[in-house]
Amino acid sequence: MTGAGLKDATAVVGIGQTPFAKQLPESEKALACRAILAALDDAGISPAEVDALASYTMEETDEVEVAKAVGFGDLTFFSKVGYGGGGSCATVAHLAAAVATGQATVGVAWRSRKRGSGPRPWKNTAVQLPTPAQWTRPFGLLRPADEIAMLTRRYLHEYGATRDHLFNVALACRNRANQNPAAMMYERPLTRDMYMTSRWISEPLCLFDNCLETDGALACVIVSAERARDCRQRPVYVHSAAQGLPAQHHGMVNYWNDDPLTGPAWTAARHLWKHSDFTPEDVDVAQIYDAFTPLIPLSLEGYGFCGRGEGGAFTEGGALEIGGRLPLNTSGGGLSEAYVHGFNLINEGVKQLRGTSTAQVPGAATCLVTAGEGVPTSALLLRT
């Protein structure tokens, strides 16, 4: 099955999510089941028809437990994708490939997480020193924020980007969250003064450069394009999909590459556009993974919206706002809606193309959704 064979062969026909909060009482399993049932109800499809599942390797609610609890039939395809937030779009891509090749007929992808009230992954020091980490952990790069901070410092130095450019990213996401009643930062405006005077998390990244800590779950349903025409909602077609793990890559710090600032987005983008009828200029709205603000300019460059080193300048003049060059993260994204390893970006992409977003881009017909930059990643180009 080639990438071209996947083009518009499947569609997302259902989306679901739980509330987002710093702390929710239910278990990750219960949250997962709620999101999956909501997505199936949105699609008008019975749980008994589901025969394919995809989630993340970091998902702690396994297929067996979900299948029993929700009431699935026989499963003929199931997969898990690694590298945390880098796997978000790949879950949909795997299901699209399974459905397009006849391995399954109804696929469900999901992510459930209690990061707001649960432990931080890096607190478990017993698993902190695989061979690559022996070169970073002893020197204080303990958290993803520390690793991305080092890349950010290099980016600011090499290309003249500034904290004002990072603020532009944080502001655009917060402005969209202010329109979204489901967002954790709903009705909580952000100002430049608030941003510039906030505490450091890992210099040069301040509080507002970092994503939220969130409890919540999301899911979506994928079927063939033919079946999608008979579903309850307007189909959103998976036009192109890609994963990317560049040669000699090392997660986040990426210091074994000739250019550490050329991350996995560049590899994924080449494959994504090769199998697409569209170019970056044709994208109406984008949902770009934003665990940290500098991932946006790095991704803008990687996916071809601007040249190398131009990602900071791209954010100027309201370019990321509604009505700008590339409206971005229109639910608020990981920075201001919720951080659930990027799955909310997938659902928001679907809402934009259905015309039901709380910050709707008029006439949106194409949406790029990306997974985490800095780690082995994935991307989707969705279309009406």
Side-chain angles (χ1 to χ4, degrees), residues 1 3 5-18 29-57 59 61-81 87-112 217-241 243 340 343-351 353-354 356 367 369 378 380-384:
M1 186 70 177
L6 284 178
K7 189 185 296 179
D8 301 327
T10 63
V12 180
V13 293
I15 53 175
Q17 66 188 50
T18 68
K29 174 183 170 181
L31 293 171
C33 293
R34 288 186 185 280
I36 290 168
L37 286 169
L40 288 166
D41 181 66
D42 187 52
I45 293 175
S46 164
E49 296 185 71
V50 175
D51 53 9
L53 296 176
S55 61
Y56 303 55
T57 56
E59 176 63 46
T61 304
D62 67 34
E63 298 91 345
V64 173
E65 292 303 310
V66 169
K68 286 191 297 187
V70 179
F72 295 151
D74 293 343
L75 297 181
T76 57
F77 179 90
F78 36 95
S79 72
K80 288 193 173 183
V81 186
S88 61
C89 294
T91 63
V92 175
H94 285 199
L95 292 175
V99 171
T101 55
Q103 300 300 305
T105 57
V106 178
V108 169
W110 87 94
R111 182 71 171 110
S112 178
L218 303 101
C220 68
V221 181
I222 294 91
V223 300
S224 69
E226 182 179 10
R227 177 164 184 175
R229 291 191 284 269
D230 298 324
C231 289
R232 183 174 288 167
Q233 302 290 349
R234 179 184 185 183
V236 171
Y237 296 99
V238 179
H239 179 70
S240 183
Q243 289 182 262
V340 194
F343 211 104
N344 51 322
L345 300 176
I346 299 171
N347 282 16
E348 175 62 16
V350 173
K351 291 175 187 176
L353 300 187
R354 286 181 177 179
T356 61
C367 180
V369 186
S378 52
L380 298 169
L381 188 63
L382 304 176
R383 67 174 297 182
T384 55

Least distance between heavy atoms, A228 atom then P235 atom: O-CG, 3.6 Å

Does a side-chain heavy-atom distance below 4.5 Å link F72 with E63? no

Verify the distance criterion only: is there a donor paired with an acceptor across the side chains of Q233 and D42 at less than 3.5 Å? yes

Working to the nearest 0.5 angstrom, can you tell me the gap between R383 CZ and S240 OG? 11.5 Å

Before you tell me yes or no, could you show the steps for L353 and Y237 under side-chain contact (heavy atoms from CB on, under 4.5 Å), namely the whole-Å CA-CA distance, both residues' side-chain angles and the distance that decides it to 0.1 Å? CA-CA 9 Å; L353 300 187; Y237 296 99; over 6 Å; no

What distance do C220 atom SG and R111 atom CZ have between them, rounded to the nearest 0.5 Å? 14.0 Å

Closest heavy-atom contact between A43 and C231? O-CB, 3.8 Å

Is a side-chain N or O of S112 found less than 3.5 angstrom from the main chain of K29, in a donor-acceptor match? no

Does F78, at its CZ atom, have more than 12 non-hydrogen atoms belonging to other residues, nucleotides or ligands within less than 6.0 Å? no

Kindly determine whether R354 and I15 satisfy side-chain contact (heavy atoms from CB on, under 4.5 Å), including the steps that lead there. CA-CA 11 Å; R354 286 181 177 179; I15 53 175; 3.8 Å; yes

Looking at G349 and C367, what are the two nearest heavy atoms and their distance? CA-SG, 3.7 Å

Report the distance from atom CG of N347 to atom CD of Q17, rounding to the nearest 0.5 Å. 6.0 Å

Indicate yes or no for a side-chain donor-acceptor contact from D51 to the backbone of D74 under 3.5 Å, with no hydrogens or angles considered. no

For A54 and T91 the tightest heavy-atom approach is CB-O, 3.5 Å

Are any side-chain N or O atoms of R232 and backbone N or O atoms of D41, one a donor and one an acceptor, separated by less than 3.5 Å? yes

Would F77 and V99 count as a side-chain contact (heavy atoms from CB on, under 4.5 Å) here? Give the steps. CA-CA 9 Å; F77 179 90; V99 171; over 6 Å; no

OG/S88 to CG/L380 distance, rounded to the nearest 0.5 angstrom? 7.5 Å

Do I45 and V223 have side chains that get closer than 4.5 Å, going by heavy atoms? yes

Closest approach of L95 to A109 (non-hydrogen atoms, all atoms of both residues): CD1-N, 3.5 Å

Distance col, row I346:CD1 vs L218:CG, nearest 0.5 angstrom, shows 8.5 Å

If you define the side chain from C-beta out and look only at heavy atoms, does anything of V238 sit under 4.5 Å from D8? no

For residues H94 and Q243, is any side-chain donor paired with an opposing acceptor at under 3.5 Å? yes

Find out whether E49 and L40 are in side-chain contact, i.e. whether some heavy atom of one side chain is under 4.5 Å from a heavy atom of the other. no

With side-chain contact (heavy atoms from CB on, under 4.5 Å) as the criterion, how do L53 and W110 come out once you've worked through the C-alpha distance, each side chain's angles and the decisive distance to 0.1 Å? CA-CA 8 Å; L53 296 176; W110 87 94; 3.9 Å; yes

Value rounded to 0.5 Å, distance of CD1 in I36 from OG1 in T18: 11.5 Å

Mind listing the closest non-hydrogen atom pair of S378 and G87 along with its distance? OG-C, 3.9 Å

